[in-house]
Protein chains: 2
Amino acid sequence: MGNLSESTKCHECKKSSKYFKRLSPSELEFINQNKTQLLYRKGETICKQGAFASDVLYISDGLVSSYLESSNNRHINLKILKTSEFIGLSSIYGDNIYNYSTAAIKDSTICMIKKESFKKVLTSNGDFASEIIKGYCENENQLFNKILSLGSKQMHGRLADALIYLYNQNMQEEKIFPYLSRKDIAEFAGLSTESTVRLLTEFKNDNIIDIRGKEIKVLNPDLLKEISRRG
Amino acid sequence: MGNLSESTKCHECKKSSKYFKRLSPSELEFINQNKTQLLYRKGETICKQGAFASDVLYISDGLVSSYLESSNNRHINLKILKTSEFIGLSSIYGDNIYNYSTAAIKDSTICMIKKESFKKVLTSNGDFASEIIKGYCENENQLFNKILSLGSKQMHGRLADALIYLYNQNMQEEKIFPYLSRKDIAEFAGLSTESTVRLLTEFKNDNIIDIRGKEIKVLNPDLLKEISRRG
DNA sequence: TATAAATATTGAATAGTATCAATTATATTA
DNA sequence: TAATATAATTGATACTATTCAATATTTATA
């Protein structure tokens with residue numbers, strides 16, 4: 001706790017997102033007063049699909065994966081969420097429930113902001129609202145890609161899509177592959193774990209990727225894109 | 001044209017959506033001045049995935065299907081859009097291009113509203129903006145369902161999902177099945193046309209649905225939901 | 001209405017993918 | 001570190017779904 005409390009005030013937060021930059025000091029202070037900060041350990045569920053959503057969550061520091069849980073007990077991974085990203089934005093106006101689950105893939109500090117407070121700021125600050133809407137749109141695009149991948153491609157194309165996405169995430173500051181199991185990758189591609197393992201080996205033998213344990217490097221991104229394109 | 005011009009003014013439009021109800025007369029008049037009305041024939045493409053999006057489209061009267069086109073030449077159907085729904089809202093803040101294609105499934109009157117004008121009203125009228133954001137959220141939920149269906153279910157579950165969606169659409173004022181080919185249904189379910197036909201027959205033999213040519217009736221919605229649930 | 005074109009249906013063959021079981025490698029914990 | 005648990009890999013098999021080809025049916029058009 002002591003270690004957390006240092007960075008507990010929003011306006012002192014070094015991890016402030018582009019969204020929060022749109023807020024005035026008083027708005028930021030208002031948010032600060034209506035939030036709680038929590039530490040989630042690797043593997044812990046942060047929010048659960050279907051649960052009542054009274055807060056908007058903000059990743060103050062960490063690495064989180066979002067996923068959908070199907071009625072037949074499978075998971076489809078949606079995104080890797082990083083420091084300074086929001087969770088559960090669409091619950092603000094929607095059903096009041098989380099539409100997907102999230103889990104910490106490494107120890108993560110999460111700010112929980114009361115939804116009503118968040119909404120208040122959103123209504124009063126058009127700039128902030130615009131930024132949020134922009135976020136929605138980008139997000140939608142990624143969902144379309146997912147639908148195309150799952151709906152119109154077979155194994156090779158689907159794994160290529162997953163690797164392209166994950167590799168792009170991996171290239172930024174923090175490496176993510178060390179935190180992902182084969183099962184995680186499989187759930188990004190919408191494949192069984194075994195098929196994923198087999199295909200990864202195939203890609204490796206074709207010098208498309210390099211594998212050292214969990215670490216995966218893309219050697220031939222163009223070919224990977226071509227495989228994605230062909231489906 | 002003569003037939004169209006009668007209902008060309010926004011404030012006289014009988015097909016005004018819940019969104020437009022949020023606008024003041026002057027705002028409505030502003031939109032009116034910055035729009036064009038066009039008639040699309042059945043089968044015509046209304047907007048094309050990837051094309052530059054300078055307008056927000058509004059279905060003044062008609063029936064439209066939205067779909068994604070994959071790089072390997074397949075289509076995945078997303079939604080049936082009806083009178084008083086928007087097309088291309090997410091291009092307002094996003095990439096400036098349409099992220100999906102739409103085609104008229106029957107003759108449809110479409111209003112094309114200059115994006116910049118739409119944006120102007122959106123920025124100045126928070127109520128209107130709220131309504132639009134709410135629309136985004138509902139939409140996102142449907143995309144999650146699609147991802148779950150395509151990513152975690154096999155044929156029976158996927159067709160059940162498609163039929164449940166289409167049947168719900170069908171129940172409203174206008175019947176939609178007469179406008180849909182087996183191929184269309186297949187593209188909603190993410191299946192081949194032949195598999196779709198075979199499964200439809202199977203569902204019919206199991207008294208889950210009734211088929212008379214294009215007309216499809218759901219006889220046992222609970223069983224259909226159960227099939228969807230089990231995947 | 002007759003004819004042509006498009007759509008729907010069915011069967012058989014093939015390709016694609018998951019599942020199960022066994023084994024090996026890696027990570028965790030006493 | 002040894003023991004145990006978890007994750008990764010591989011092979012064989014069974015299942016799922018598409019494709020191709022042929023036929024029937026419906027729709028559109030001259």
Side-chain angles (χ1 to χ4, degrees), chain A residues 41-43 65 70 72-77 105-107 149-163 177-205 209-216 227 230-231, chain B residues 41-44 65 70 72-77 103 105-107 149-163 177-205 209-216 227 230-231:
Chain A
R41 299 289 177 190
K42 179 182 171 148
S65 88
S70 87
N72 55 140
N73 259 335
R74 290 159 196 273
H75 288 181
I76 301 283
N77 285 336
I105 59 179
K106 69 170 212 185
D107 293 1
S149 185
L150 295 172
S152 75
K153 299 183 187 182
Q154 45 196 59
M155 294 206 302
H156 291 77
R158 295 226 292 274
L159 184 60
D161 285 334
L163 288 176
F177 280 114
Y179 300 104
L180 299 177
S181 69
R182 296 297 189 256
K183 184 157 174 283
D184 292 328
I185 298 175
E187 286 172 351
F188 266 106
L191 298 175
S192 71
T193 307
E194 293 94 326
S195 293
T196 300
V197 167
R198 268 184 270 265
L199 276 186
L200 283 172
T201 314
E202 194 184 320
F203 282 0
K204 183 186 156 193
N205 292 338
I209 59 175
D210 184 40
I211 304 179
R212 287 157 192 274
K214 300 216 165 207
E215 195 49 61
I216 294 178
I227 292 168
R230 272 194 255 158
Chain B
R41 297 289 176 191
K42 178 181 174 154
E44 283 189 311
S65 88
S70 88
N72 55 141
N73 260 334
R74 289 160 197 273
H75 288 181
I76 301 284
N77 286 336
I105 59 180
K106 69 170 210 185
D107 294 359
S149 186
L150 295 172
S152 75
K153 299 182 187 181
Q154 44 198 55
M155 294 206 301
H156 291 76
R158 294 226 291 275
L159 184 61
D161 285 334
L163 288 176
F177 280 114
Y179 300 105
L180 300 176
S181 68
R182 297 298 190 254
K183 184 158 174 281
D184 292 327
I185 297 175
E187 286 172 352
F188 266 106
L191 298 175
S192 71
T193 307
E194 293 93 326
S195 292
T196 301
V197 168
R198 269 182 271 265
L199 278 186
L200 283 173
T201 314
E202 194 183 321
F203 283 0
K204 183 186 153 190
N205 292 338
I209 58 175
D210 183 40
I211 304 180
R212 288 158 192 274
K214 301 218 165 205
E215 195 48 63
I216 294 178
I227 292 169
R230 275 194 252 157

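Every chain is numbered from 1, with letters handed out A, B, ... down the list of sequences.
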Once you apply a heavy-atom cut-off of 4.0 Å, does T193(B) come out as touching a base, just sugar-phosphate, or nothing?
nothing

Between the first and last five pairs of the helix from dT1(C)-dA30(D) to dA30(C)-dT1(D), the angle of the axes, rounded to 10 degrees:
50°

Got a donor-acceptor pair under 3.5 Å from the side chain of R182(B) to the base of dT26(D)?
no

Find the distance E187(A):CD to dA7(D):P and express it as a whole number of Å.
12 Å

Length of the CZ-P vector between R158(A) and dA17(D), whole Å:
11 Å

Flag, side chain of R230(A) to backbone of N72(B), donor-acceptor distance under 3.5 Å:
no

Report the distance from atom CE of M155(A) to atom C1' of dA15(C), rounded to the nearest whole Å.
11 Å

Classify the nucleic acid contact of S192(B) as base, sugar-phosphate or nothing, counting any heavy atom under 4.0 Å across all strands shown.
base

Would you indicate, yes or no, if dT7(C) has its OP1 or OP2 atom less than 4.0 angstrom from a side-chain nitrogen or oxygen of K214(B)?
no

Without decimals, in angstroms, what is the distance between L199(A) CG and dA8(D) C1'?
15 Å

Using atom CD of E194(A) as one end and atom P of dA14(D) as the other, report the distance to the nearest whole Å.
17 Å

Result for 5'-nearest mapping on DNA chain C, choosing between L200(B) and R198(A), is L200(B)

Regarding S195(B), tell me which of base, sugar-phosphate or nothing describes its non-hydrogen contacts under 4.0 Å with the strands shown.
base

Using 0.5 Å steps for rounding, measure from the CG atom of L163(B) to the CG atom of L200(B).
6.0 Å

Can a donor-acceptor pair be found between the side chains of S195(B) and S192(B) at a distance below 3.5 Å?
yes

Could you check whether D184(B) pairs with R182(B) (Lys NZ or Arg NE/NH1/NH2 to Asp/Glu carboxylate O, under 4.0 Å)?
no

Decide, yes or no, whether a salt bridge links D161(A) with K153(A) under the criterion of side-chain N to carboxylate O below 4.0 Å.
yes

From C-beta outward on Q154(A), which listed nucleotide comes closest to its side chain: dT18(D), dG16(C), dA21(D)?
dG16(C)

Separation of atom CD in E215(A) from atom P in dT26(C), rounded to whole Å
15 Å

Inspect the contact between K42(B) and D107(B) and indicate whether a charged nitrogen and a carboxylate oxygen are less than 4.0 angstrom apart.
no

With a 4.0 Å cut-off on N to O distance, would you call K183(B) and E187(B) a salt bridge?
yes

Looking across every strand, which nucleic acid part, if any, lies under 4.0 Å from K153(B) by heavy atom: base, sugar-phosphate, or nothing?
nothing

Specify the separation, in whole Å, of atom CG of L191(B) and atom C1' of dT19(D).
14 Å

Between P of dC15(D) and NE2 of H156(B), the distance in whole Å
14 Å

Go through the N and O atoms of the side chain of R212(B) and the base of dT26(D), and report whether any donor-acceptor pair is under 3.5 Å.
no

